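Source: prediction; values computed, not measured. Residue numbering restarts at 1 for every chain, and letters A, B, ... go by the order of the sequence lines.
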Amino acid sequence: MSPAAADDEVLGRVYDARLVRRLLEYVRPQTRLIAASLALMFAVTAAGLVQPWLIKRLIDEHIVTRRLAGAGSIALLYLAVFLVEQVTRYLQLYTMERTGQNIIRTLRDRVFAHLQRCDLAFFDRYPVGRLMTRVTTDVESLADLFSSGVVSLLGDSLKLAAIVVILLWLDARLALVTFTIVPALFLLSVFFRGRIRQAYRDVRRRIARINAYLQEAISGMLLIQLFRREAEDRRLFDSINREHRDAELRSVVFESSFSAIIELIGALATAAILWYGGGRFLRGALTLGTLVAFLEYTGRFFAPIRDLSGFYAVLQAAMASLERIFALLDDRPAIVSPAVAQPAAAASGRVEFDAVRFAYAPGREVLRDISLTIEPGEKIALVGATGSGKTTLVKLLIRLYDPTSGTIRLDGRELRDLPLPWLRRQIGIVLQDHFLFTGTVADNIAFGCGPLASERIEAAARLVHADEFIRRLPGGYGEPLLEQDALRALLRGRTAILIAHRLSTIAGADRILVMHHGRLAEQGTHRALLARGGIYARLCALQFGWEEELNARGARAAAAGAADAGAGPEEPLFAEPRVATDGEPA
Amino acid sequence: MSLLRRHLRPYRRDILLGFGCLLITNALALTVPWLLKRVTDALRQGTTMRTVAGLAGAIATISLLLAAIRTASRLLILGASRRVVYDIRNELFAHLQSLPASFYATRRTGEIMSRAVNDLQLIRSLCGPGILNILNIVVLYSIGLTMMALIDPRLTLLAVLPYPLMLYGVFRVSRVIHERSNATQDQLAAISNKAQENLSGVAVVKAFVREDEEIAAFGELSNEYRRLSLRLARSRGLIVTLMGGLGGLSTIIVLWLGTRHIIDGRLTLGGLVAEMSYLALLTGPTIMMGWVLGVFQRGLGALQRVEAILAERSDLPGDRVAGDGPPPAGAVSLRGLTFAYAGADRPALRDIRLEVPAGSVVGVVGRVGAGKSTLVRLLAGIHPIAPGMIILGGRDLTTIPTAQLRARLGYVPQETFLFSRSVAENIALGRPGVERADIERVAALAQLTGDLPDLPQGLDSLVGERGVTLSGGQRQRVALARALLMDPALLILDDALSSVDAETEEAILKGLRGFLRDRTTFVIAHRVSTLLDADLVVALNDGRVAEAGRPADLLAAGGAFAAMVRRQQIERELEIL
Ligand SMILES: Nc1ncnc2c1ncn2[C@@H]1O[C@H](COP(=O)(O)OP(=O)(O)OP(=O)(O)O)[C@@H](O)[C@H]1O
Ligand SMILES: Nc1ncnc2c1ncn2[C@@H]1O[C@H](COP(=O)(O)OP(=O)(O)OP(=O)(O)O)[C@@H](O)[C@H]1O
Ligand SMILES: [Mg+2]
Ligand SMILES: [Mg+2]
């Protein structure tokens, strides 16, 4: 399994140089915004740190000495600094948010674009729900990293460093006493980090499960209801929901105690400052203003530490998301478009399969040794029992998968050597499954044909009698619906392969290929195959065997003159008891 | 709101206890500035070291208590919020199960998902951190301001001057935030939908080389989301700045007036220190107020959306009648059945009249959009109809509880839907816990037995999302087996063998002959071979019965059915020529 696989379960390391380096690639285009944000952050920090110092001066120079002159200018300075702090903070937060949104938008678009290139085998492996998580949740958690993270981290660190310096400058001994609290803070953080990490991991994993379950339950709700499975389904959902709740409750324990303990340490520091600083004041080694400033600064010292510990959770979630996103982006599609020039002309449409073998899973061959040639413009019908490999064959032809061995060529060139979009535009395919896109009918018909004039679309639809039907829809051609037959009309003039279970559909095919257990069992024209008396002849006999029977029945019914079609609309059409149901006419 | 009240009730003891703890926590937190005042004043008057140590010790002790009680309060309240969300999510899921097709027809999966996941997350924040902080704010403000007033009433009065302005600002900006946050959420949902649709239809996208268009469309949505997020960030930033700025203004007022009062001798230095630290205690919650308001707004918005879904009611008459009893017998009588989809300007079915004795096989034919699927969907009680139009086993369909109606209904929809579980679990959808032998029996009837050796774990193979790892015909036959396992009195096959080859189809029909003997079956099919054995064939055209009768009779009558048969015949002859 590749790294993008079971990794909703894995939370990465908190700091991973490799991941960060790759992220920088996305950050670089935002250098100017980031520079602005950094500059603003310096202003915010400085403005915040000047304030306690101004208070110290106010106390020591004016309050203690009871001298009002000059106090006014300090107060005004305080006001100015404060306003600067507010305005710069607003700008700083906004530039940061902007940086983050720019980056994650790029990342989101890139993830989506990458998914468009992943091959079908990839989509077989990963449920859509999980890939959705990459495009939405994972990208969002990076947004948190930028808007509430990175620069605040820098700002906080800067603030911490500045406070350490200021405290040492104000009173080195008291500062050292204050710092004794730091090891305790550190050890406790380390202890809690491990626990919180584990708890968040569980929560994430379980919300992902709720997501996946809901996704399917809602899409399949009608079936759940028709088959009266509601109670059973509720039971299953409850157990998933309960597991999520229990994980949340575990995380609550750590969340609640962690912040309280950090606060406690802050308060203990205050007590220590009062006790030791008070002593020094009494001995005259310290002014009151310094003591008060110390308390103010210590208050501002713990806030960043608290934020940093909050940041930790954000960082961790972001790193885990980043790891998953990059793992996805690293998942090299096995099927890529080669770097070759696009052929100038459209393909003439000669298709060759040369000893092609294919298995979805190793050891379970679905196609066994297929060799065949389709001439340009030839219309091929592919028939055979269900599960015999018809759809698979076609998927190989448009390179949704590559053969396990053997080669496929178009106009003599191996498919792997042709530009992928070009290749797919050359071959018209009507897929078996209806995929309803919420586009419009016109969108769906225009699929693969580039911009088409609407008259041409309508003409194509008319060709296949879908026209009247489409017009009756409330929105006419604007109605969201896909009509497979309409697509079929676009196959005109192309090399075409139709997979047909209704033998009537294959009318007009130049050649019929009969698949059987992954092998090409028979091929030829309808007549040749009938004459051969093999699988195809048997299929035909089954499908058209009704004809003889029909003639017999028709004759009998006509003789009885029992046509009811003329019954008036007001009366029930079929009041008389029906015939026996043993399958044979009485 | 009533939803929240109802769900908070079971946890009211926890919550009240949590509130109690929160009160004590805040009361304790508010004593600390008071102690600071006493220390400062003592120091200023030249006290002894013992007094200082005693007061410092008191601060340390109180802080210890504070930490313990604060932890308890958060555990209680946050814990309750998690439990509440768990309960609401279960209720929401159960409710979703009760909503009819019309509900799902007008909403996308992504939208409903975001109710059950994102919105519940918002509600969690509302009743966890949201309530916690609102309470903090109320308590801190009321006690804090009282304490401040005790120290210096005039100073306090002037300090709270900016507060009315603050509240007004909050009120104005928060409404804008509310609207912008909704728009942003909607855009996020649009992105999810786009991705969801694209990823589910990836094979079509590739086959028709639509990657670039898809990328461009996604890019547009994504950029719009960026724009809306930034717009939201601007108003959020504004509220934070407003709160912080006005709160700071108070600090400056205290500082300036405090200084003058001290110099005038009306206030001690300790008093000023205390006033400052009270204000500091209030600043946090004040700034927080912006965030809390956001949480409240988003939470209330989420609550409204969830409540709106919970207020939805099934429009099916069968969901409004209760009662136990046997499922209806197999006779079907349609008496002027007319039906129009909501919002459609013309009925999909008009005045359908038909008597089907129990045990019949009814073939339904008609062109694309003729109303075939609609007809059988109505029989399965998927859409609401008026009374008197469908009679099942002598009972009006609208009087039969839905669960009863479906107890012995086997339904193979036109679009196969498989769950990403094992083949066996998919077959046992309507009969969880059924015997393995029964699953094997219906798998055999659906001619799946021959395919099982090709699958990695036979019946226990996982089928991938929507069954992608099975072939089209294999998927259809799993859906068929699932319907057969219901031991249906009424079996509905809506184009159920369209992806199955003639040989397999023949084998299935042959195998089913005995099985169908005493069951009423509606078969929508295109192949004449499927229809010739029917007891009754109904040809629909544009929502009306064009003709109905025994296949042989219809052939003789030379109407629509005969034309269809002839068309297939001619096609065949053309081929042979
Ligand atoms: N959920 C719906 N909402 C609105 N209109 C609908 C809905 N489903 C079907 N219709 C419309 O009702 C009419 C009958 O549709 P219905 O699906 O019954 O046709 P059908 O005979 O089963 O066609 P097909 O052969 O393609 O399956 C059509 O015009 C269709 O567009
Ligand atoms: N994505 C997949 N992963 C694994 N196995 C697959 C996958 N798709 C198909 N298979 C298996 O490959 C075999 C051939 O499938 P394929 O879809 O080619 O059959 P088919 O001939 O188109 O049948 P049908 O007529 O039923 O559509 C089947 O046994 C099927 O279970
Ligand atoms: Mg197929
Ligand atoms: Mg239909």
Side-chain angles (χ1 to χ4, degrees), chain A residues 63 66 75 82 86 90 93 97 101 105 108-109 112-113 116 123 127-128 135 218 220 226-227 230 232 237 245 248 252 256-257 260 264 267 271 274-275 278 385-387 421 424 429 432 435 447-448 469 501 504 507 526 539 542-543 546 553-554 557-558 562-565 572-574 578 583, chain B residues 52 56 59-60 63 67 70-71 74-75 78 82 86 93 97 109 112 195 199 201 204 207-209 211 215 218-219 226 233 237 241 245 248 256 262-263 353 355 360 369 411 417 429-430 432 451 465 471-473 500-502 506 529 532-533 535 547-549 552-553 555-557 568 571 575:
Chain A
I63 293 179
R66 291 186 180 255
F82 179 77
Q86 294 306 316
Y90 174 82
L93 287 177
E97 179 82 26
Q101 289 292 340
R105 180 195 152 214
R108 183 166 50 221
D109 291 357
F112 186 80
Q116 302 305 298
F123 288 95
V128 170
V135 181
I218 295 172
L226 282 173
F227 286 84
E230 291 97 333
E232 174 73 7
F237 183 74
R245 181 198 66 188
E248 284 255 42
V252 161
S256 307
S257 44
L264 170 63
L274 283 178
W275 167 71
T386 118
R424 289 178 181 156
I429 300 281
Q432 182 170 24
F435 280 104
F447 239 134
F469 150 78
H501 282 307
S504 59
H526 174 78
L539 282 174
L542 277 168
Q543 196 149 137
W546 48 268
R553 286 193 200 187
D564 279 297
L573 282 167
F574 280 92
R578 66 194 176 84
Chain B
V52 173
I59 289 180
S63 305
R70 169 156 300 179
T71 304
R74 303 188 62 158
L75 275 179
L78 296 181
R82 265 56 171 188
Y86 158 79
F93 186 73
Q97 291 187 327
T109 307
I112 304 173
L199 297 178
V204 176
F208 292 96
V209 202
E211 290 94 336
I215 289 172
F218 185 84
R226 186 193 71 106
T241 308
W256 172 238
I262 292 175
I263 293 172
R353 287 163 194 278
E355 290 296 329
S360 315
Y411 192 104
F417 186 97
L429 184 70
D451 296 76
E465 241 173 313
S471 84
V500 173
D501 61 287
E506 171 76 9
S529 50
L532 279 182
D533 286 335
D535 301 302
E547 55 181 0
D553 299 342
L555 276 173
Q568 290 194 15
E571 276 166 6
E575 274 166 47

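Ranked by non-hydrogen atom pairs under 4.5 Å with chain B, the options A:L274, A:D109, A:V128, A:L264 are led by A:V128. For chain A, the option among B:R226, B:Q97, B:R74 with the highest count of heavy-atom pairs below 4.5 Å is B:Q97. Between chain A and the options B:F93, B:W256, B:Y411, B:F417, heavy-atom pairs under 4.5 Å are most frequent for B:F93. Contacts with chain A were tallied for B:L75, B:L78, B:I59; B:L75 has the most, counting heavy-atom pairs under 4.5 Å. Contact count against chain A (heavy-atom pairs under 4.5 Å) is highest for B:G245 among B:G245, B:A233, B:A60. When the candidates A:F82, A:F123, A:F112 are compared by the number of heavy-atom contacts under 4.5 Å with chain B, A:F112 comes out ahead.
Atom-to-atom distance recorded for B:R70:CZ and A:S257:OG is 13.0 Å, nearest 0.5 angstrom. Of the inter-residue distances, the one linking A:I218 atom CD1 with B:T109 atom OG1 reads 6.5 Å to the nearest 0.5 angstrom.
Every residue two or more places apart in sequence or in another chain that forms a side-chain hydrogen bond (donor to acceptor under 3.5 Å, both in side chains) with A:Q116 is listed here: B:N198.
When heavy atoms are compared at a cutoff of 4.5 Å, A:V135 approaches chain B solely by way of its side chain, counted from C-beta outward. Both the backbone and the side chain of A:Y90 come within less than 4.5 Å of a heavy atom in chain B. Using a 4.5 Å cut-off between heavy atoms, A:E230 contacts chain B through both its backbone and its side chain.
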Side chain to side chain contact (heavy atoms under 4.5 Å, CB included) between B:F218 and A:R108, intermediate numbers included: CA-CA 9 Å; B:F218 185 84; A:R108 183 166 50 221; 3.7 Å; yes
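Between B:S63 and A:A267, the shortest heavy-atom distance links the atoms OG-CB, 2.9 Å.
Using modelled atom types, one side-chain atom of B:D501 and one backbone atom of A:T386 make a donor-acceptor pair closer than 3.5 Å.
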